[in-house]
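Working notes, structure below.
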2 protein chains.
Amino acid sequence: MKRDMNCPPFQKTEEKIKEAAKKVFLEKGFDGATSRDIAEAAGINIALTNYYFRSKEKLFMNIFEDMIHLFFEGSVHILNKPISLRDKIVELIEHDFELMKKNPNLVIFIMNEVHRNPERLVKAIGYVKQLHHTLFKIQVQEAIDKGEIRPVNSLNLMTMIVASVQFLFISKPMHMQIWQMSEAEFARFSDDQKQLIIDMVTSYLFEPVKA
Amino acid sequence: MKRDMNCPPFQKTEEKIKEAAKKVFLEKGFDGATSRDIAEAAGINIALTNYYFRSKEKLFMNIFEDMIHLFFEGSVHILNKPISLRDKIVELIEHDFELMKKNPNLVIFIMNEVHRNPERLVKAIGYVKQLHHTLFKIQVQEAIDKGEIRPVNSLNLMTMIVASVQFLFISKPMHMQIWQMSEAEFARFSDDQKQLIIDMVTSYLFEPVKA
DNA sequence: TATTAATTTAAATAACTGTTTAAAAAAACC
DNA sequence: GGTTTTTTTAAACAGTTATTTAAATTAATA
């Protein structure tokens, strides 16, 4: 007879595997991670990963989709919030920063896996189509028309913003190695960087220029 | 008796292997690339990679060091050129852009391998210590003291610049997928992005602000 | 409690990994 | 031309890979 899917044992192991797999995949990537790595990190038998997820590839895609979701959902939400353009830009930067602080190797993981296998993104993407038409895009165009900000393509602007934030965390290991930074020093450097980004972007856009 | 190391056959195979290995490693990374991949790409027997480079790890490090060198040498040179700060910033951005155009997956390769194994950077780094004291750093400080530019930490400024350029190419596969760009469209988008970076950075630094 | 289903285990699978071997081929040297 | 050295090859190596099997254990059900 069928088993109640809500009882602890089932959920617990499957969740344990997912958590372990997320950790290992984010650290080592798909190619660098082995089924045994994941099983060991989860403290379970190797066969269980395939019992619950059928294959390494399926387990990976499960987590990859979660990560893509985590990567985009917050930003998409903010891009469509009914707030001023200035506030929106600041909120975008600060949200992205917090996301990166909590998940330091989320970006390098996603970028590397998409680089290795772009087709995977197609399977996981779906709702990201919402990026094509956002309130942000409209607001930028309106602000330009009213002469409130300098003329700028909204996609270029958006790329500039996320580049500044996300590259910092992609290059974190390199920065720490080259400049001999501790975690605390990098955190301080990050905060300075965040402030510079906000300052530079808002100044560039909104500050009136001397004739 | 010893063989003349300058005659064609020796150089040719070793160079063939290096070229193939560079291609494969840059595409798939250390974990994703196999000895057989490289041998096949070079059109040679598998045993030859170990005959010439002793191990996959040694072959990788050989190429990794080249790539680190390629990654830094141009920028370090420009950072120390005796030209104006404004010209230097523009030249830095344009040089990095050209480098990325010619080697689209150089940055994601380096960032990912350093992320996977930071100790490797120590072995390959050496001369990058030159980054610590550059003419650029002095110039920024002088310009601040003279009130010619806004006060800004030179490392933060430098990071901002390379982030904008390099992130674009790290995220190239993602951009092309999400926005359904062709290579040509991405190239155009890149150029717009480059112009925005130059415009934003120089405006922010040099433009006098209305009281 | 007996039975049925779900979960976990150890062991084995076949394919693939980096690396080595020993013999063959090519080149260099006298 | 004959000998020695260097280069290339096919084959095998031992270890690891993802995945499967079939048996053992646990939990659920009636």
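Residue numbers begin at 1 in each chain, while the letters A, B, ... track the order of the sequences.
- At a threshold of 4.0 angstrom between heavy atoms, the contacts of A/S55 are confined to the sugar-phosphate backbone, with no base atom among them.
- Contact annotation for A/A33: backbone-only contact, meaning every heavy-atom pair under 4.0 Å involves sugar-phosphate atoms and none involves a base.
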Under the side chain to side chain contact (heavy atoms under 4.5 Å, CB included) rule, what do B/F71 and B/N103 come out as? Steps first, then yes or no, please. CA-CA 10 Å; B/F71 186 69; B/N103 309 275; over 6 Å; no
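- At least one side-chain nitrogen or oxygen of A/T13 sits closer than 4.0 Å to the OP1 or OP2 atom of C/dT8.
- Across the protein-nucleic acid pair, A/I17 atom CD1 and C/dT9 atom C1' stand 13 Å apart, rounded to whole Å.
- In this structure, B/K28 atom NZ and C/dC16 atom P are separated by 13 Å, rounded to whole Å.
- Between the C1' atom of C/dG18 and the CD1 atom of B/I44 lies a distance of 14 Å, rounded to the nearest Å.
- Taking atom CZ of A/F53 as the reference point, atom P of D/dT20 lies 15 Å away to the nearest angstrom.
- Salt bridge annotation for B/D191-B/K101: present, with a cationic side-chain nitrogen under 4.0 angstrom from a carboxylate oxygen.
- Here the P atom of nucleotide D/dT17 and the CZ atom of A/F30 are 13 Å apart, to the nearest Å.
- Comparing D/dT20, C/dT17, C/dT19 by their closest approach to the side chain of B/T34 singles out C/dT17.
- A salt bridge links A/K18 to A/D66: at least one charged side-chain nitrogen sits closer than 4.0 Å to a carboxylate oxygen.
- In summary, B/D37 and B/K28 engage in a salt bridge, as defined by a charged side-chain N under 4.0 Å from a carboxylate O.
- Nearest nucleotide to the A/A47 side chain, out of D/dT20, C/dT19, D/dT6: D/dT20.
- In this structure, B/Y52 reaches the D/dT8 phosphate: one of its side-chain N or O atoms is under 4.0 Å from OP1 or OP2.
- Closest to the B/K56 side chain, of the nucleotides D/dT9, C/dT19, C/dT7, is C/dT19.
- Following rounding to the nearest Å, A/E57 (CD) and D/dT17 (C1') show an atom-to-atom distance of 15 Å.
- Rounded to a whole Å, the OH atom of A/Y51 is 14 Å from the C1' atom of D/dA23.
- Annotation: of the two residues near DNA chain C, A/R36 and A/L48, the 5′-most nearest-nucleotide partner is A/L48.
- Between A/F25 and A/F109, the distance separating the two ring centers is not shorter than 6.0 angstrom.
- Here the C1' atom of nucleotide C/dG18 and the CZ atom of B/R54 are 15 Å apart, to the nearest Å.
- The phosphate of D/dA10 (OP1 or OP2) has a side-chain N or O of B/N45 nearer than 4.0 angstrom.
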